[in-house]
2 protein chains.
Amino acid sequence: METRIDRIKKQLHAASYKLTPQREATVRILLDHEEDHLSAEDVYLLVKDIAPEIGLATVYRTLELLTELKIVDKINFGDGVSRYDLRQEGAAHFHHHLVCLECGAVDEIQEDLLEDVEAVVEKRWNFQIKDHRLTFHGICWRCHDSGADKPEKDA
Amino acid sequence: METRIDRIKKQLHAASYKLTPQREATVRILLDHEEDHLSAEDVYLLVKDIAPEIGLATVYRTLELLTELKIVDKINFGDGVSRYDLRQEGAAHFHHHLVCLECGAVDEIQEDLLEDVEAVVEKRWNFQIKDHRLTFHGICWRCHDSGADKPEKDA
DNA sequence: TTATTATTTAGAATCATTCTTAATTAGTAA
DNA sequence: TTACTAATTAAGAATGATTCTAAATAATAA
């Protein structure tokens with residue numbers, strides 16, 4: 001059976017890159033932390049456990065490469081550190097984020113909520129959209145009283 | 001007649017800050033470059049022309065202060081540099097951006113396109129939205145052939 | 001094998017941003 | 001005005017994330 005790693009390997013080969021042990025280890029960490037918005041430093045510390053000889057610069061280079069190939073998305077929540085998220089397989093667009101101003105939690109919205117808005121933008125601003133970034137800042141369900149309900153999982 | 005500067009002065013006083021000459025010079029630069037998405041360094045170089053004795057750290061401090069007071073918005077297009085935009089007077093939310101992957105131009109959408117989407121997010125994810133960031137990446141009207149029309153100005 | 005190219009490591013270098021310290025300025029009360 | 005106090009600033013040092021450099025290593029092709 002073909003695994004996600006296998007498919008990423010093919011993607012790399014198609015672009016004439018190799019899946020070196022360091023790159024594979026990095027990808028494995030990202031797969032194990034799909035929703036964690038890891039920084040390069042975070043990835044580095046985690047990947048060192050399974051590939052101790054790896055260097056920080058290699059992690060940066062790998063993340064950059066994966067970003068170019070649209071396997072991961074590089075995000076910036078304004079704290080001066082870039083974070084890296086594995087893109088949903090086959091997703092055309094980047095998922096959205098909810099950043100809590102109270103506790104700092106970052107939740108994800110996988111569903112694409114922007115289809116209507118994008119139709120308007122393409123038409124009215126005559127702009128061919130390739131991707132988008134959407135982040136909401138506010139108070140998450142954990143931090144405000146009015147209904148301590150965990151939202152339903154992504155529709 | 002009350003100018004924008006006067007109103008900003010009041011806002012500062014209300015929060016018990018002073019509009020020092022350095023701060024005023026910085027605000028003037030921002031007013032003169034409303035759509036330019038200046039970095040702190042850009043602002044510094046421009047402000048030196050009208051207030052030569054100013055230091056870079058002061059520019060940073062001033063921009064940070066103005067950001068806290070929601071007079072300017074700090075944005076990050078992923079190039080490692082923060083940029084600062086004067087917020088439309090009275091606007092509750094930050095405006096959106098169109099970043100051209102071809103020529104690098106950054107256009108603005110002042111209109112709030114997210115009202116419907118936000119209603120969905122507030123309800124379904126049980127999240128109290130305070131602000132948002134929305135950026136589209138793609139090809140601007142200048143760079144793609146199909147209709148070299150400048151879009152109508154913000155509706 | 002040898003030559004060539006891609007990749008990595010380690011640490012130095014860079015660059016944006018923040019911090020520190022001492023000096024300056026403004027505001028206030030006498 | 002003068003003295004006191006707090007806010008603000010300049011200058012440059014310090015920090016921290018990221019990128020670059022040089023030499024070593026691994027993979028690939030001939």
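Convention: sequence-line order gives letters A, B, ...; per-chain numbering from 1.
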**Message:** Please check: side-chain N/O of B:Arg4 versus main-chain N/O of B:Leu31, any donor-acceptor pairing under 3.5 Å?
**Reply:**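 Checking the backbone N and O of B:Leu31 against the side chain of B:Arg4, no donor-acceptor pair under 3.5 Å is found.
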**Prompt:** So, does B:Thr26 use its side chain to make a donor-acceptor pair with the main chain of B:Gln22 at under 3.5 Å?
**Reply:**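 Indeed, once roles are kept as given, a pair shorter than 3.5 Å links the two residues.
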**Prompt:** Is the phosphate of C:dA26, meaning OP1 or OP2, less than 4.0 Å from a side-chain N or O of B:Thr20?
**Reply:**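 No, no such contact exists.
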**Phosphate-side-chain proximity, B:Arg61 and D:dT9, N/O vs OP1/OP2 below 4.0 Å** =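 Indeed, a polar side-chain atom of B:Arg61 lies that close.
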**Prompt:** Base, sugar-phosphate, or nothing for A:Ser82, non-hydrogen atoms under 4.0 angstrom?
**Reply:**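 Answer is sugar-phosphate: A:Ser82 comes under 4.0 Å of backbone atoms only.
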**Prompt:** Of the nucleotides D:dT9, D:dT18, D:dA27, which has the atom closest to the A:Lys18 side chain?
**Reply:**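 Closest nucleotide among those given: D:dA27.
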**Request:** Starting at SG of A:Cys100, measure out to CZ of B:Phe127 and round the result to the nearest 0.5 Å.
**Result:**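 Spacing of SG (A:Cys100) from CZ (B:Phe127) equals 6.0 Å.
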**SB check B:Asp73 B:Arg83 (cutoff 4.0 Å)** =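 A salt bridge is absent here (no side-chain N lies under 4.0 Å from a carboxylate O).
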**Request:** May I ask you to decide whether A:Arg87 forms a salt bridge with A:Glu34, counting only side-chain N to carboxylate O separations under 4.0 Å?
**Result:**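 Between A:Glu34 and A:Arg87 there is no salt bridge, as every charged N stays at least 4.0 Å from the carboxylate O atoms.
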**Item:** Residues touching DNA chain D, which here means a heavy atom under 4.0 Å, drawn from residues 43-60 of chain A
**Value:**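 A:Leu56, A:Ala57, A:Tyr60, in order of number.
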**Message:** Does anything in residues 69-77 of chain B come within less than 4.0 Å of DNA chain D? Heavy atoms only, and list the residues if so.
**Reply:**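 Going residue by residue through residues 69-77 of chain B, none turns out to have a heavy atom under 4.0 Å of DNA chain D.
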**Item:** CA sep, side-chain torsions, deciding dist, call: B:His95, B:Asp85, side-chain hydrogen bond (donor to acceptor under 3.5 Å, both in side chains)
**Value:** CA-CA 9 Å; B:His95 56 256; B:Asp85 270 21; 2.9 Å; yes
Separation of [N] [atom2] from [X] [atom1] (nearest whole Å):
X       : N      : atom1 : atom2 : value
B:Tyr17 : C:dA26 : OH    : P     : 19 Å
B:Asp79 : D:dT18 : CG    : C1'   : 13 Å
B:Gln22 : D:dT9  : CD    : C1'   : 6 Å

**Request:** Evaluate side-chain hydrogen bond (donor to acceptor under 3.5 Å, both in side chains) for A:His144 paired with A:Glu102, printing each intermediate quantity in order.
**Result:** CA-CA 9 Å; A:His144 68 77; A:Glu102 196 81 19; over 6 Å; no
**Message:** Test of understanding: with salt bridge (Lys or Arg N to Asp or Glu O under 4.0 Å), list the residues that count as partners of A:Glu2, not counting sequence neighbours.
**Reply:**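 Counting only residues at least two positions away or on another chain, A:Glu2 forms a salt bridge (Lys or Arg N to Asp or Glu O under 4.0 Å) with A:Arg7, A:Lys10.
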